[in-house]
Amino acid sequence: MHAEALRGHIDTMVLAALRTGPAHGYALVRQLAEQSDGVFTLGEGTVYPALHRLEGDGLVNSRWTQEAGRKRRVYHLTAAGEASLAERRGDWRVFAGGMNALLEGAS
Amino acid sequence: MERLLAELSRELEPLGRRGRRRALAEARDHLLSAIEDEVARGATWADAEQRVTARFGEPALIAESLVLARPRSRKIARIGGRCAVALAIAAAALIAVRLGLDRGSTSAGTTAHRTFAITLVLLLAGLPLVANRRRVFGPVGDSRAARLVRIGAYGALCVLPLVVIDLSRFAGARFDRHTFANAADKAQWQAERVHAAVSGSIVLFVLMAAYAGGILWITSRRSPIPIRTPRTGVGSRSR
């Protein structure tokens, strides 16, 4: 998928992926790829800044964990994150509905 | 991998020691996880490491994205917002204590003043809590001026009711021990006090609520999309 098409939706995608449960950065990248049937393959330079930004906005929280002797930063949704995701979902439906109507009308 | 992490570490200088350590630990975990995945699919460690580091992306670009996304300024804004809420709650507590200790005037208008005080404090304490959830306000704008105005002006607004309430508590107190010539005069005087207190409180409440709402509205981020849009595709295979 063209990177330009993803612009502005990364945060929503990350929030949606975190809704299924806490995850570290790499797991999120894999989850996004798997759940989107390989359509969204995000790079490190996209996912981590998004996670840090969402944490700065209070939509996501994180903590260090120890797994197999390795330090891992695990992220999870906050209540504000859940609310923001619900709002973004609504916005997306409106946007997608409008775009579909437009494209169907053009065809 | 170590060479890549060393380069990333150099590029992450602006994040500060703590931020850099965190970003590096996350990058290391990410790389190791990716390598382990490749190995599990049958690749040798050396091949997997080469592939994973190759698709990791340019350390300079990744570092730039992380620096842009650093949450420090937003954390300061959040702390500031919480300070404003704490200030409003502290003002509410102070008012409650003050009203409890000293009842002020026995004038008939005192009840209206108290109702005004309690409603106003609840409004001032509650508005910042809903500010981030309502589309009309939203989180504070991405500039220092917006943060300063929201924290400073709202903080000042939280202190103002203390002054107003302290003054209004004794409004009409000089007539507390006044002996009226007849009951009609007294009733008339009390009605005037109540009318003045109610209308004054309503006007003041509307003005302060508008001012508080105005501060939150002016200083909020307009677009639901953050001003700093993510650098989509940096280091991404989809680029």
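These numbers come from a predicted model, not from an experiment. Here is how names work: the chains are called A, B, and so on, in the same order as the sequence lines, proteins then strands, and each is numbered from 1. Note: hydrogens, waters and symmetry copies are ignored here, and every other heavy atom, side chains too, is used.
Residues of residues 25-34 of chain B placed with any heavy atom under 4.5 Å of a heavy atom in chain A are listed by number as B/Ala25, B/Glu26, B/Asp29, B/His30, B/Leu32, B/Ser33, B/Ala34. Listed by sequence position, the residues of residues 200-215 of chain B in contact with chain A number zero, using a 4.5 angstrom heavy-atom cutoff. For residues 35-49 of chain B, the interface with chain A (any heavy-atom pair closer than 4.5 Å) comprises B/Glu36, B/Asp37, sorted by residue number.
Applying the ring pair (Phe, Tyr, Trp, His ring centres under 6.0 Å) test to every pair with at least one member in residues 65-98 of chain A, sequence neighbours left out, gives these pairs: A/His9-A/Trp92, A/Trp92-A/Phe95.
At most 12 non-hydrogen atoms from other residues, nucleotides or ligands lie less than 6.0 angstrom from CZ of A/Arg19.
Counting heavy-atom pairs under 4.5 Å between each of A/His24, A/Arg30, A/Arg73 and chain B puts A/Arg73 at the top.
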